[in-house]
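Reading through the structure tokens given below for one structure.
Only this structure's heavy atoms are used, side chains among them; waters, hydrogens and symmetry mates stay out. Residue numbers start from 1 in every chain, and the chains themselves are labelled A, B, ... in the order their sequence lines are given, proteins ahead of strands.
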Amino acid sequence: MPSLPDMTTPDVMALARDAAASQPHDPHLQDVDLKPAFFDWLCRMGDNTAILGHRISEWCGHGPVLEEDIALANTALDLIGHTQMWLGLAAEVEDAGRTADDLAFLRDAMKYRNVQLVELPNRDMAHTLMREFLFDAWHVEMLTALLQSGSPRVAEIAAKALKEVGYHVERSSDLVVRLGDGTDESHARMQDALDRLWPYAGELFLGDGVDAAVAKAGIAPAPGDLRAAWERTVDAVLDEATLRKPEGRFDVHRGGKQGRHTEHLGFILAEMQFLQRAYPGASW
Amino acid sequence: MSSKEWPLWEIFIRGQHGLNHRHVGSLHAPDAEMAIRHARDVYTRRKEGVSIWAVRSADIVASSPSDKGPLFDPAESKVYRHPTFFDIPDEVGHM
């Protein structure tokens, strides 16, 4: 997992350049027909981790106990590290002179491609952990599938991220079980969080033309292919947590992947992007 | 949580294979499993270790600071207990 000193290494751009120079050859990067879909798909991956990472980082200094505060900050840093890799590759694919930083800090809300689930407010620890669990359970299946990606660059990022995400899902499912099957209050809060978040979870499994194009190119699985494994994990954990799976549809809220967001994303970006907007090009 | 504090755990980490576990600090956790998780998050953020031990602080038997004299002072005048009277052959190298 990256720590703050890693992320503030002064010659990080040089390190990234050196790393890029030693990358395996990946013909998908030169495929002009595939480019728009590949770029969009990489932004979806990177935007999911950027926005969830930002949301989780909001707990830094506010965690209920010191140990949980640090664990959440670690998770946030992991996700922001994944963002650097996904958006870095997106910038390479786009080949328009933009960097990962440009994509993260200078794109407006309707250009963001994250699912709506990750932009919802934290509210409390119950919502924070339930949302993380619903996402982690998808994330781990997605990255596992991407190990077999026809794009060696994508497979490489997935392998790096999977080590951390394996721990994320272990931690979040453990806490969902402990709090779901905890006190009356923790149970009620976890059930409330699940009921509120459930209608957003399904967007992770909705495919569109972009998904079809990258699936056809052998880069990524079709989103729907991950659903059965995700449901197995979620059902087992919710059952152990004595939580009731909501009966309503889980794919009510959708559109984030296409750039249609809740009102919350604008506020996140306002905070995230303020510095670069106010002081263009400012660096550490 | 303020009324029910989690118990305190002492954390020991083995830095590399072949080294001993070393005490790195303490933390609060509700049980052993979470103590290991918390230790992972609090003390191994920079890939410090290969193994973690967590021990409930309450289970550690400690000597009392007031026993310092009887416990340690008698060794003071017994320099012959230090292995400093041997010539170490050069080929042995660092000991």
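Here salt bridge (Lys or Arg N to Asp or Glu O under 4.0 Å) pairs that include residues 59-75 of chain B, with residues two or more places apart or in two chains, number zero.
No more than 12 heavy atoms of other residues, nucleotides or ligands lie within 6.0 Å of CD in A/E240, so this atom counts as exposed by the packing criterion. Within a 6.0 Å radius of NZ in A/K163, no more than 12 heavy atoms belonging to other residues, nucleotides or ligands are found. Around atom CZ of A/R189, no more than 12 heavy atoms belonging to other residues, nucleotides or ligands sit under 6.0 Å away.
At least one donor-acceptor pair under 3.5 Å links the side chain of A/E67 to the backbone N or O of B/H28.
Inspection of non-hydrogen atoms places A/E170, A/R171, A/D174, A/L175, A/R178 of residues 169-180 of chain A under 4.5 Å from chain B.
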| Derivation of the side-chain contact (heavy atoms from CB on, under 4.5 Å) call for B/D41 and A/Y167 | CA-CA 11 Å; B/D41 279 318; A/Y167 180 72; 3.0 Å; yes
